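Only one structure is covered here, and it is reproduced in the block below.
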Amino acid sequence: MWSTLRERGVSYLIVGPFAIVLAFPFYWMLVTAFKTNGDLYNLDNVPFTYHPSQAAVGEKLSFQHDHWLPFGFENATTSHITFIFSDTNYLRWVENTAVVGGLVVVITLLLAVPAGYSLARLSGRWGQSVGVGIFLTYLVPPTLLFLPLSRVISKLGLQDRLWSLVLVYPSFTIPFATWLLMGFFRTIPAELEDAALIDGCSRLKALARVIFPISIPGILTVVIFSFSLCVNEFVYAITFISGTKQHTISAGVPTDLIRGDVYFWQSLMAATLIPSILLALLYNSFLDRFIAGFTGGAFR
Amino acid sequence: MAEARPQTRRFRDLLEDRRFLAPALITPAALFIVLLVGAPLVLAVYLSMTDATAGQLTGKFIWFHNFTEAWHNDNFRRALRNTIVFTLASQAIVLVGAGILAHALVRPFRGRWFLRLLILLPWAAPVAVSTIGFLWIFDSQFSVVNWTLVHDLMPGGGHFYLYRPVNWVLGGIDHLPWVDVGKIDRLNPPQWLGQPTLAMLAIIFVQAWRILPFATVIFIAGLSSIPTEVHDAAKVDGATGLRKFWHITLPLQLPIATVALLFGIVFTATDMTVVYILTSGGPFNSTHMLTTWAYQTGVVSSNLGEGAAISLYLLPVLLVVSVLMLLFARRVEVS
Amino acid sequence: MAENDDELEELGISPSLTRRQLVRRGLGGFLVAYAGALPKVAAAGVPKYVHKHYKNTLKIIQWSHFVPAYDVWFDKTYTKNWGAKHDTDVQVDHIALAQLPARAQAEVAAQSGHDIFGHLSPQAGLEDQVINHKEIIQEVTRKVGKVSQVGFKSCYNPKTRKWHGFPENYVPDPIHFRKDLWNQVGIKPSTWDDVRRAAPKLKALGHPVGLGMSNELDSNMLLIALMQCFGAFIQNAQAHPAINSKHTIEALKMMRDIYKRGMTNEVFAWTAASNNQGYLSGRLSLAVNAISIIRSAEDANPALAQNTSVAPIPRGPVQRLGLEHVMGVYTIWKFSKQKTLAKRFIADLEINYQGAFKNSKFYNFPAFRGAVHDYARQLAADPHKGKYNVLDLIARKYTVNLGYPGFSNAAVDEIFNTWLVPQMFAQVAQGKMTPADAASAALHEFKPIFAKWRGRGKI
């Protein structure tokens, strides 16, 4: 009993500090999102609690009479948070990000699964070299590519449209996905396929009927990593699309919530928290699934 | 009728033939990448050898003049050095941190789901907006870090100041040769984005912060993939704890660690967002990376040709690193 | 499963809720809230003239104005009305200040984009990509009178005889100071020497002056203006770098003194928002900035706004001369297919600038002085009792273009965009270089830039 207790203690001792350091900025964002302007810009105030201040134009103090709230929360306001929903196209941005991410994931899977399979199973020696070659495309930074790509995008008539992102994002998700899947497929024992082939299936049918179901965890991994790459992308999102209704989160938030030399800090914090928490919840629920599926070896 | 059947059979045979199927399956992906990465890359190489300006995609051919010009600029050399320091430092932190964290997270314990959620947050947040959040955390006047360091943290006036123990530690470190941070002055707290050393530290921290969860997930996946037979065999042999870690777990994790490190290095070295948003290369151009310096030269100063040349300097460096690591990974796998 | 239930119980959630249900409910809740908000967003997004199909389309892109009401007026009222009269669907996109150069270059690379591009500084470097805006200048001159010197010297290139942009507006750059605090120390900030004398006294009170020396817009403008007051300039009228003069050395010394005695090293880390925020928190006693500070104070802290005075830039030993904080320049790309319509739009906007002047809360001053009538009366009519009257004086007498006494050319542009002036001042203030060395090092940096653009025939 003592050894499990000690083990558990060690776990908390290690994971605890990491969790605190990693999550503290988000706690800070949460606190800041509810602050009034007068409270936020006052250097004498404790930043972690709320203080009475003059409500600025547009700020509603909805908790003013609830003095039982902790941390001085009666002095907080939700106006800056509702601002992003009422005065900007924030929901549109979230929608756009989700749609672009979803489409890119589909395209990535369509192209990377066959490629990964081919490199893992069918290609032998030169497969390794092609695999390395695909990886090397990562070494070109987007700071350079966005200008020539702008020309391509405009020639295709996709400027200012979300399709431009759907077209370009797979260029960095596919190499990563192919690598992951290549490693994953290599761990699936060849006997499984051979058994199917002996039973009379064509190779493609074997791929669909036998390999695909087993590789769901690997595919889920690809889905999550690709999606997170898309959500994080910033340079292309800003340069290819200029209409506020077509922005993704990464492009829309800096454009509408930073006006000249005025930063709407509380709204910026809220705008960051919302997708972060949602995505973290999503990733976390998938984590068990695809870890379980990885027994059998993923990266060999 | 008799003619149709041989044709379909021939096509079906082709699909079975490895030599046809393999390239057929790869071609769509390869084509996509060649068109969307390769073609613009060729154009960029062309631009780097011209004197193009201001977004024009053509210019007069000047061969390698841009490359030599760039090299003679102090800022460029500092940017190159910074890129290396930045990448190595942040990835070292990530590697060690993720390794430790992944080990602690494979065993189930109470509250693990929730703690894991907290740990995933930095990776889940879109990097552009979370970095803007750090702008506020490191603000020159309103930084919460500075507030916490300098103010009395004991409720009820107990006079506990965090900067005192920190200064004690800093005083100890100060004896090291290249450390030059000085002590925390209560009336003039550190400028996290305004002093060159602190700015570098801030950038390294933010980059490590956001990549740590990503690496941890990869490590966890790898750890979970060690078959139970290995654990059982180790137990039978009497290898536990540290010895088990050194002789068994660590070597088995090396392939995964290599992959995680490789992608981490590539994502960090080619990243522009964190540095651009936090410092834009300041103060005094001391925190420029090659990517931001290329952006500054090529886009802000309109010297497109030179900007392209600076970006391309990154390519051979990363190429060498990648090839070395891939060879290392292959050798480890085999053994 | 039992263990997970324990976890949830610890979180205070009923043990009958499994983890999966928790996630599902969380996401479900979000979706419900989302669906609920959709109608409002949809309603807000539906344009007024959705059922009309216009013959033409005009696309404009410009920065998100710091006064959100200006964007609302411009996007929803002005452009819609103009569009109805000219059978045009006018689409306005906004972009963050920092992304303007990237977007501009992307449009050039793509050879397609917006018809009208609104910059916040003269873009001499893009001269080859834009039309000659001469016609618009002539049209507006005919209707309201001559363009101001600031506008002329910002957007005209005497070497190529081309108007590389249309100067739409400029923003005067006053100082904001706390009259209560300055009264306490018994000094008025009318000269830079006053500021130097007052700085340590104000710092002792806990309210230092806020003069940035960082790589950002406010510092850039302030320091170049300071130099001008001392008779130091980036270039001379013939577009040769003139930074290495004894006037520059005097200016550098002044700033070093003010820093050493009156400021802390935070000013080297400032962003464009820092002097705003520092002033609004009540801490700073002086800031050089466009009226965004006092307008924000009026909303958030009226007592602070009461105690704030707006005044022209302090006088230096040579003169009192400031810079425009930003200059709104509209350009039309050569590849635009709606050049005539775009020219018409810009001309109309400038000729009827009254609306823009008022809706920007006097932030935007037209580059054609005659486009607005009766400045004095309008400024005096502001509910804040004559505080803004001085803006007219500043706009008329004490504002010149970037690159004065010469024209704003591509070399000055590049020096401005790469923060060479704030860096020079910061090096001296931190004691890393003597003023003489810094001035000659700056000249050393400026020379190749000027040579390069001269070689391209632009100067």
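Here is the naming used below: chain letters follow the sequence lines, and residue numbers restart at 1 for every chain. The structure displayed is predicted, hence computed values, not measured ones.
Looking only at heavy-atom pairs under 4.5 Å with chain A, the residue among B/Leu35, B/Thr27, B/Ile33 that has the most is B/Ile33. Top candidate by heavy-atom pairs under 4.5 Å with chain A, chosen from B/Ala104, B/Ala294, B/Pro213, B/Ala269, is B/Ala104. The candidate from B/Leu314, B/Leu120, B/Leu31, B/Leu47 with the greatest count of non-hydrogen atom pairs under 4.5 Å with chain A is B/Leu120. The candidate with the highest count of non-hydrogen atom pairs below 4.5 Å against chain B, out of A/Leu149, A/Ile20, A/Leu268, is A/Leu149. Residue with the most contacts toward chain A among B/Pro28, B/Pro122, B/Ala30: B/Pro122 (heavy-atom pairs, distance under 4.5 Å). Contact count against chain A (heavy-atom pairs under 4.5 Å) is highest for B/Val37 among B/Thr216, B/Asp271, B/Val37, B/Leu105. Note: A/Val46 leads A/Val231, A/Val168, A/Ile277, A/Val46 in heavy-atom pairs under 4.5 Å with chain B. Per-residue counts of heavy-atom pairs under 4.5 Å with chain B were compared for A/Phe227, A/Tyr27, A/Tyr263, A/Tyr41; the largest is that of A/Tyr41. Considering only heavy-atom pairs separated by less than 4.5 Å from chain A, the leading option among B/Val106, B/Thr292, B/Val34, B/Leu262 is B/Leu262. Interface check for chain B: of the options A/Ser228, A/Ala23, A/Pro47, the most heavy-atom pairs under 4.5 Å are formed by A/Pro47. Interface check for chain B: of the options A/Phe26, A/Phe234, A/Phe24, the most heavy-atom pairs under 4.5 Å are formed by A/Phe26. Heavy-atom pairs under 4.5 Å with chain B were tallied for A/Val253, A/Val235, A/Ile249, A/Leu167; the largest tally goes to A/Leu167.
In this structure, NE2 on B/His103 lies 9.5 Å from CD1 on A/Ile14, to the nearest 0.5 angstrom. If you take CE on A/Met269 and CG on A/Leu40, they are separated by 8.5 Å, rounding to the nearest 0.5 Å. Here A/Cys230 contributes atom SG and A/Tyr236 contributes atom OH; the two are 12.0 Å apart, rounded to the nearest 0.5 Å. In this structure, A/Leu111 CG and A/Ile174 CD1 are separated by 4.0 Å, a value rounded to the nearest 0.5 Å. The OG atom of B/Ser130 sits 9.5 Å away from the CD1 atom of B/Ile137 when rounded to the nearest 0.5 Å. For the atom pair CD1 (B/Ile132) and CD1 (B/Ile277), the distance works out to 5.0 Å, reported to the nearest 0.5 Å.
No side-chain heavy atom of B/Tyr276 sits under 4.5 Å from any side-chain heavy atom of B/Met289. Here the side chains of B/Phe138 and B/Val144 are not in contact, with every heavy-atom distance at 4.5 Å or above.
Looking at B/Thr148, only its side chain comes within 4.5 Å of chain A, counting heavy atoms on both sides. When heavy atoms are compared at a cutoff of 4.5 Å, B/Leu212 approaches chain A solely by way of its side chain, counted from C-beta outward. In this structure, chain A has heavy atoms under 4.5 Å from both the backbone and the side chain of B/Trp209. Contact annotation for A/Ser150: neither backbone nor side-chain heavy atoms come within less than 4.5 Å of a heavy atom of chain B. Heavy-atom distances place both the backbone and the side chain of A/Val21 under 4.5 Å from chain B. B/Val127 touches chain A through backbone and side chain together, each having a heavy atom under 4.5 Å away. Residue B/Val299 touches chain A through its side chain alone, counting heavy-atom pairs closer than 4.5 Å. Residue contact with chain A, scored on non-hydrogen atoms closer than 4.5 Å, involves the backbone and the side chain of B/Leu319 alike. For B/Tyr46, no part lies near chain A; criterion is any non-hydrogen pair under 4.5 Å.
Aromatic rings from B/Phe142 and B/Trp147 are positioned such that their centres are separated by 6.0 Å or more. B/Phe214 and A/Phe225 have their aromatic ring centers within a separation under 6.0 angstrom.
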message: side chain to side chain contact (heavy atoms under 4.5 Å, CB included), that's the test. Do A/Leu22 and B/Leu121 meet it? Break it down for me.
response: CA-CA 7 Å; A/Leu22 289 173; B/Leu121 276 171; over 6 Å; no
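Here the options are B/Ile211, B/Thr83, B/Val274, the test is side-chain contact (heavy atoms from CB on, under 4.5 Å), and the partner is B/Thr268; only B/Ile211 passes.
Note on ring orientation: taking the six-membered ring where Trp is involved, the planes of A/Tyr90 and A/Trp93 are perpendicular (angle over 60°, cut-offs 30° and 60°).
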